[in-house]
Every structure is written in C-alpha cells, then in structure tokens.
Trainee: 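I have a structure here, written as structure tokens, and I will follow up with some questions on it.
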Amino acid sequence: MDLLLEKLFENKSPSEISTMLINLNKVQLNRKEHIKKYYKLRKLHSEIINSMENYIMDGKYNISEHYDTIYNDIDKEIPELNLDLDFNDIDDRNILNDLFMYKNHSKLISITEIYLQKNKFRNEEKIKMLNSMKKSYVGLFKVIATDRNNGYIIYEDVFTKKKFKVIDIAMSSTLKVDEKRMIYVYNRIITFDDISFGTGIHCMMTSEHKSLNEFIKKHKYKNCSDFSRCLLLYDLSKRENDLIVEYNNQYGYRR
C-alpha cells in the first residue's frame, strides 16, 4: 500500500497530495452515518450564514454602528492593535462574520440573537441551528489527536483545558500530530445533537510561532472578551511564516 501511495503521489505538489489524501479518505467516510449528518448540518449552517451576510449587505445590521457600542472597551483591551478588516476579502469576511454573527461581547447584540428574537426562520431545523450557534464555543485550541478513519480531530482549549471531538474531514485526513510542532487553531465549535464541527475561522498557527507562545504565556484570559481575542489571534495568524494553509470552507482545513 505504501509503495502504491508513493507512486500515486510522485511528482505531485503538497497541495495536490493533500487534496488526494482528503478525497481518498472521503470515499470511506462518506458511507458513515455521522458524516452524512455532518454534511447536512454544514449545508444548513451555510444557508443561515448566507442569509446573515445578506442581512448585513442589505443594511439591516450596520457593523460600524454596532462596533461603536463596544469601541472603548475593545480599545482598552487591545490598544496596541491596528487591524483593518475588509468585507470583500474572504479571510477578513470570515472574521467579521464570527465577530458579529455570534455573541463575542456582553454589550454587543449578535445577528444570531436578532434572528432568534425576530423569529427570522419558521423551519424547525434552522431554529435549532440558530440555538446551537447561540450556544457555540469559541477558543484557541491545540490539536492533540486525530481519528482519520472517522473524520475526527480532538481539540484542547489552551486556557480552559476543555476537550472537544470535532468532525474535520480535511484535517483528520492530512494531519499527523507532532508534539515537537503542534498545530494551534482559533475556531468556533457548534454542537448540534451529537455532531460538533468548526465554523472555519481562518486562524491557524504552529508551536514554532514565537509571538503565539508569548501570547499564551502572558494573556489574561478572563480580562479579555472573545471579540478582542479573535482580533489578536487573527493578527498573529497573518504573521505565521511556518505554515502554508489552504482553506476549504466546505470540508475544513488543508495544510
């Protein structure tokens, strides 16, 4: 089998090899019931996100006006950060989506909360997904294990030490955990019934990232909102030089 794979991957780029590994693994994963359910939930979640993006674009949720309500708090938490986000940039847009679609600050109403308050959807599954989004968990995680055969990765929150078993087909298919070079991900986890998946915030780094290590050592977790922490870690991830990442919004990460 190893010789067959070696021949199959001959003269292929790292990106091409990753894609092939993912596609090979998907052949057996796609037969599993929990993966079939995962696909349905991801599709449902994407439909809600698309609706929320249209809600923003139609001027029904003014990001600038809502940000003004917490500006002074964020400025106190991260006075040194000067980060401009562009809704037309796909990575920046994913960050903006997370910041305002989910509850990241006690003084800021999220679009998820507005949708629930206004009874935006009548479909029971979408209402249930909105409630799952409201209860979602966001954090800086270390990837401590993978289960390729079932499409799972195991996250451990760096600060709270909570562990999560999350479906991520791409990462579970391509990543081998290396304790000398750990992978860190800032992500949001949604749990719907017995299925947990990440929303795909584009923040990924390695343990070789010196600024990340300094952040972990010095960060005052309880004194910082999720809003500020997301901006800080996104800024750090953009300066990651030791990791080449391609993002696949349908299936997760490729590296």
Side-chain angles (χ1 to χ4, degrees), residues 1-53 90-91 94 97-98 121 123-133 135-138 141-156 163-178 183 185-204 243-255:
M1 184 64 176
D2 289 342
L3 288 174
L4 178 62
L5 288 176
E6 186 177 329
K7 186 67 177 178
L8 187 63
F9 297 151
E10 189 177 4
N11 299 322
K12 297 291 190 300
S13 69
S15 178
E16 289 172 325
I17 292 173
S18 291
T19 300
M20 291 171 72
L21 285 171
I22 294 165
N23 289 336
L24 284 169
N25 200 29
K26 278 170 58 181
V27 172
Q28 61 94 16
L29 284 177
N30 287 352
R31 303 190 191 103
K32 297 179 181 287
E33 290 304 316
H34 71 287
I35 297 297
K36 292 177 183 178
K37 184 174 180 180
Y38 160 73
Y39 285 142
K40 290 179 181 178
L41 294 179
R42 285 300 299 263
K43 182 176 183 293
L44 182 66
H45 177 254
S46 293
E47 289 173 357
I48 292 174
I49 295 300
N50 289 338
S51 172
M52 289 181 173
E53 285 189 342
I90 187 169
D91 291 346
N94 278 320
N97 283 348
D98 188 84
F121 298 125
N123 178 280
E124 289 185 7
E125 290 291 281
K126 286 189 175 180
I127 294 170
K128 188 173 180 179
M129 177 60 77
L130 281 174
N131 279 296
S132 295
M133 290 166 66
K135 297 174 184 176
S136 61
Y137 186 100
V138 69
F141 303 101
K142 178 166 59 174
V143 181
I144 61 173
T146 62
D147 178 357
R148 184 177 185 276
N149 293 329
N150 291 293
Y152 289 116
I153 58 172
I154 308 300
Y155 280 155
E156 180 182 85
K163 293 183 176 64
F164 298 85
K165 188 177 182 181
V166 179
I167 295 179
D168 189 319
I169 293 173
M171 186 177 281
S172 65
S173 299
T174 58
L175 178 66
K176 290 185 178 180
V177 174
D178 181 355
I183 299 296
V185 178
Y186 186 77
N187 206 352
R188 179 175 297 277
I189 299 170
I190 293 174
T191 300
F192 187 111
D193 292 339
D194 56 343
I195 301 291
S196 294
F197 62 92
T199 59
I201 302 174
H202 292 184
C203 295
M204 194 172 184
L243 185 67
I244 298 174
V245 183
E246 294 179 34
Y247 292 97
N248 181 321
N249 289 327
Q250 187 175 3
Y251 300 117
Y253 300 108
R254 292 205 304 266
R255 63 180 293 277

Trainee: Between Asn94 and Asp98, is any pair of side-chain heavy atoms under 4.5 Å apart?
Mentor: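 Of all side-chain heavy-atom pairs linking Asp98 with Asn94, none is under 4.5 Å.
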
Trainee: To the closest 0.5 Å, what do you measure between CG (Leu44) and CD1 (Ile49)?
Mentor: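 If we round to the nearest 0.5 Å, Leu44:CG and Ile49:CD1 are 10.5 Å apart.
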
Trainee: Does the side chain of Val166 come within less than 4.5 Å of Tyr152's, by heavy atoms?
Mentor: no

Trainee: How close do Leu175 and Thr146 get, heavy atom to heavy atom, and via which atoms?
Mentor: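 Answer, listing the atom of Leu175 first, then Thr146: O-OG1, 3.6 Å.
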
Trainee: Pick from Tyr137, Phe141, Phe164, Tyr186: which one makes a ring pair (Phe, Tyr, Trp, His ring centres under 6.0 Å) with Tyr155?
Mentor: Phe141

Trainee: For the atom pair CG (Asp168) and OG (Ser196), what is the distance rounded to the nearest 0.5 Å?
Mentor: 12.5 Å

Trainee: Is the count of non-hydrogen atoms from other residues, nucleotides or ligands lying under 6.0 Å from Lys36 atom NZ greater than 12?
Mentor: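 Enclosed.
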
Trainee: For the residue pair Met52 and Asn97, establish whether any side-chain heavy-atom pair is separated by less than 4.5 Å.
Mentor: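 A side-chain contact is absent here, since even the closest heavy-atom pair is not under 4.5 Å.
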
Trainee: State, to 0.1 Å, how close Leu41 and Met129 come at their nearest heavy-atom pair, and which atoms those are.
Mentor: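 Leu41 and Met129 have their closest heavy atoms at O-CE, 3.6 Å.
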
Trainee: Which heavy atom in His34 sits nearest to a heavy atom in Ile195, and how many Å separate them?
Mentor: O-CD1, 3.7 Å

Trainee: Which atoms form the tightest heavy-atom contact between Gly151 and Ser172, and what is the distance?
Mentor: CA-OG, 3.3 Å

Trainee: Who passes salt bridge (Lys or Arg N to Asp or Glu O under 4.0 Å) against Asp193, sequence neighbours left out?
Mentor: Lys37, Lys128

Trainee: Once the angle between the rings of His45 and Phe197 is folded into 0 to 90°, is it parallel (under 30°), tilted (30 to 60°) or perpendicular (over 60°)?
Mentor: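 Judged by the thresholds at 30° and 60°, the geometry between His45 and Phe197 is perpendicular.
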
Trainee: Quick one: does Arg31's side chain get under 4.5 Å of Ile35's, heavy atoms only?
Mentor: no

Trainee: How long is the span from the CD1 atom in Ile48 to the CD atom in Glu53, to the nearest 0.5 Å?
Mentor: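 It comes to 13.0 Å.
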
Trainee: Could you walk me through whether Phe192 and Lys40 pass side chain to side chain contact (heavy atoms under 4.5 Å, CB included), step by step?
Mentor: CA-CA 11 Å; Phe192 187 111; Lys40 290 179 181 178; over 6 Å; no

Trainee: Tell me, please, which residues at least two apart from Asn149 pass side chain to side chain donor-acceptor pair (under 3.5 Å).
Mentor: none

Trainee: Rounded to the nearest 0.5 Å, what separates atom CD1 in Ile153 from atom CD1 in Ile167?
Mentor: 10.5 Å

Trainee: Would a distance-only check, ignoring hydrogens and angles, find a side-chain to backbone donor-acceptor pair under 3.5 Å from Asn25 to Ile169?
Mentor: no

Trainee: How far apart are the closest heavy atoms of Ser132 and Thr191, and which atoms are they?
Mentor: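 Reported closest heavy-atom pair: OG-O, 3.2 Å.
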
Trainee: Quick check: do Tyr38 and Lys32 have side-chain heavy atoms less than 4.5 Å from each other?
Mentor: no

Trainee: About how many Å separate OH of Tyr39 and NZ of Lys26, when rounded to the nearest 0.5 Å?
Mentor: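 The distance works out to 5.0 Å.
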
Trainee: Does any non-hydrogen side-chain atom of Thr199 lie less than 4.5 Å from one of Asn187?
Mentor: yes

Trainee: Where is the tightest heavy-atom contact between Ile190 and Ser136, given as atom of each residue plus distance?
Mentor: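 Closest approach of Ile190 to Ser136, heavy atoms only: CG1-CB, 3.9 Å.
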
Trainee: Test of understanding: with salt bridge (Lys or Arg N to Asp or Glu O under 4.0 Å), list the residues that count as partners of Lys126, not counting sequence neighbours.
Mentor: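 Once residues adjacent in sequence are excluded, the partners of Lys126 under the salt bridge (Lys or Arg N to Asp or Glu O under 4.0 Å) criterion are Glu47.
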
Trainee: Distance from Asp147 atom CG to Lys165 atom NZ, nearest 0.5 Å?
Mentor: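 Going from CG on Asp147 over to NZ on Lys165, the span is 6.5 Å.
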
